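None of the values given here were measured: they were computed from a predicted structure. Every chain is numbered from 1, with letters handed out A, B, ... down the list of sequences.
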Amino acid sequence: MNKSISKHTLEKLLQWFLQVREDYFFRKQRNPYRVWVSEVVLQQTRIQAALEPLERFFSHFPDVKSLADATEEKVVYEFRGLGYYSRARNLRKGAIYITQFFDGKLPESYDKLLQIPSIGPYTAAAIASICFELPYPVCDGNVKRILLRANKWSLTTRDPNVDSKCISQLKKLYKGLPAGNVNEAIMELGQKICTRTKPKCTICPIQDSCKAFAQGVVNKYPLIPKKKPKVDVNWHLFIVVHNNKVLLQKWNNFYFLKKQKSFPSILDFPTTKKQECSWETKKRQINKFIKKYSAKPLPSLKHSITKHRIVIFPYIIFSSCWEEVKNSNSLVWVSEQQAEKQLVSSALSKIWKLYQQSEILESSHDKNT
DNA sequence: AAGTCGGGGAA
DNA sequence: TTCCCAGACTT
């Protein structure tokens with residue numbers, strides 16, 4: 001006997017949830033602003049890693065108004081440690097939008113929530129159900145994994161059809177149930193029991209409704225997507241310093257970290273032919289800079305963005321004579337304090353720390369020249 | 001439709 | 001070490 005998921009299944013799930021529910025600080029009151037920010041953060045950051053930065057974020061931005069009034073730089077800075085910094089910029093945009101169009105309060109409507117920057121289908125459903133008891137199922141990675149197993153649907157969690165399949169199945173069952181609690185319950189099941197690896201099926205409260213468990217094939221679901229090949233990138237970047245100022249570049253078309261300030265850079269793709277000029281040409285360019293400006297190489301470091309395997313080669317240049325300044329308005333000198341606050345992404349802050357450790361070199365260099 | 005964007009836990 | 005996750009936005 002393997003029954004499919006029913007309203008009774010969700011009722012059993014709720015019972016389990018009420019017993020194991022974690023008392024996270026952001027759950028204490030169902031304040032729409034706090035639920036919004038928390039859900040945006042928890043989209044892609046595990047709860048344990050998010051707790052501290054999230055409390056810090058709330059202490060600086062306790063409500064929509066404070067977030068809307070803050071500068072983008074400050075918002076991104078207080079988001080540090082959480083990754084995916086476009087979320088911070090979009091949260092600020094969202095706060096401004098809410099101020100402008102909804103009188104500073106999150107609207108009690110799924111469709112209106114969806115208009116707000118940073119709020120997509122998942123976040124709109126989470127806020128609508130948790131704060132306003134509107135019957136919208138959330139569909140995140142946990143929900144998809146659970147339903148793909150329970151239904152034995154032979155799809156990957158990335159399949160574009162999965163979201164609508166999951167939502168339409170759940171939506172039929174939500175009538176008369178507390179939507180917010182059901183949504184939190186199903187996601188907590190995914191975190192604690194129906195985990196991606198080593199699921200704890202023997203203590204699963206909805207084991208009876210799981211087709212994969214009944215047939216002993218839980219670890220065959222969800223289907224594994226075929227992986228894409230990685231691209232190697234060598235990222236040569238120049239930390240140009242003079243009089244405690246550092247030269248940063250905001251280049252909107254740069255390959256990585258668009259819209260963020262970075263360092264003047266040269267990219268090389270050693271294993272692909274896609275680059276605009278040969279490695280020999282790049283090497284000549286780089287060597288030219290090294291010679292011309294007495295660039296000092298720092299230890300290289302590894303980094304990864306999406307399907308790229310990146311090796312970063314940082315060089316320090318102690319000089320105010322960077323000719324390219326004249327040719328580019330995207331280059332700007334900033335103080336070290338400003339740089340500290342603007343180089344937030346992990347790759348850049350790693351490089352910045354590396355530079356600070358070697359700052360002693362700068363002072364000795366200055367004395368000797 | 002496909003690519004961007006971290007940081008951490010598991011393999 | 002390497003692999004992999006996952007939602008909103010961008011292109």
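- Across the protein-nucleic acid pair, A/I167 atom CD1 and C/dG7 atom C1' stand 12 Å apart, rounded to whole Å.
- Distance CD (A/Q191) to P (B/dA10): 13 Å, rounded to an integer number of Å.
- Between the side chains of A/W235 and A/S265, a donor-acceptor pair is found at a separation under 3.5 Å.
- The minimum heavy-atom distance between A/Y97 and A/Q115, with the atom names listed, is OH-OE1, 3.3 Å.
- Just one residue in the list A/F289, A/F263, A/F313 forms a ring pair (Phe, Tyr, Trp, His ring centres under 6.0 Å) with A/H236, and that residue is A/F313.
- For the C1' atoms, the distance linking C/dA8 with B/dG9 amounts to 24 Å, nearest Å.
- Between the CD1 atom of A/I312 and the P atom of B/dG6 there is a distance of 11 Å, rounded to whole Å.
- If you take CG of A/N142 and P of C/dC5, they are 13 Å apart, rounded to a whole angstrom.
- If you check residues 34-71 of chain A against DNA chain C, the residues with a heavy atom closer than 4.0 Å are A/Q43, A/Q44, listed by number.
- A donor atom on one side chain and an acceptor atom on the other are found under 3.5 Å apart for A/E336 and A/Y355.
- Partners of A/K65 according to the salt bridge (charged side-chain N to carboxylate O under 4.0 Å, His left out) rule, which considers only residues two or more places apart in sequence or in another chain, are A/D69.
- Put simply, CD on A/Q115 is 17 Å from C1' on C/dC9, counting in whole angstrom units.
- Rounded to a whole angstrom, the distance from the C1' atom of B/dG8 to that of C/dC9 is 23 Å.
- OP1 or OP2 of C/dG7 lies within a sub-4.0 Å distance of a side-chain N or O belonging to A/K144.
- Nearest approach of A/E73 to A/K341, heavy atoms of both residues: OE2-CB, 3.6 Å.
- Note on A/R145: a side-chain N or O is less than 4.0 Å away from OP1 or OP2 of C/dA6.
- Across the protein-nucleic acid pair, A/Y97 atom OH and C/dC9 atom P stand 11 Å apart, rounded to whole Å.
- Counting any heavy atom pair closer than 4.0 Å across all strands shown, A/S118 reaches sugar-phosphate atoms only and no base atom.
- For the pair A/H303 NE2 and C/dC3 P, the computed distance is 16 Å after rounding to whole Å.
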Side-chain donor-acceptor pairs of residues 47-55 of chain A under 3.5 Å, sequence neighbours excluded:
none

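- Counting only residues at least two apart or in different chains, side chain to side chain donor-acceptor pair (under 3.5 Å) contacts with residues 196-207 of chain A are absent.
- At a cut-off of 3.5 Å, with distance as the only test, no side-chain donor of A/R284 or A/N287 sits close to an acceptor on the other residue.
- A side-chain hydrogen bond (donor to acceptor under 3.5 Å, both in side chains) with A/N151 is found for exactly one of A/K211, A/K165, A/Q169, namely A/Q169.
- Of the residues in residues 79-90 of chain A, A/Y84, A/N90 come within less than 4.0 Å of DNA chain C through at least one heavy atom, sorted by number.
- For A/T123 and C/dA8, the shortest distance from a side-chain N or O to OP1 or OP2 is below 4.0 Å.
- Here the closest heavy-atom approach between residue A/F57 and residue A/Y33 is recorded as CE2-OH, 4.3 Å.
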Could you list the protein-to-nucleotides 1-3 of chain B atom pairs, N/O on both sides, closer than 3.5 Å?
unit_1	atom_1	unit_2	atom_2	d
B/dG3	OP2	A/K228	NZ	3.4

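- Side chain of A/R87 to main chain of A/G83: a donor-acceptor pair is present (N/O by atom type, distance under 3.5 Å, no hydrogens or angles).
- C/dG7 atom P lies 9 Å from atom CZ of A/R158, rounded to whole Å.
- Minimum atom distance to the side chain of A/R309 is reached by C/dC3, of the listed C/dC5, C/dC3, C/dT10.
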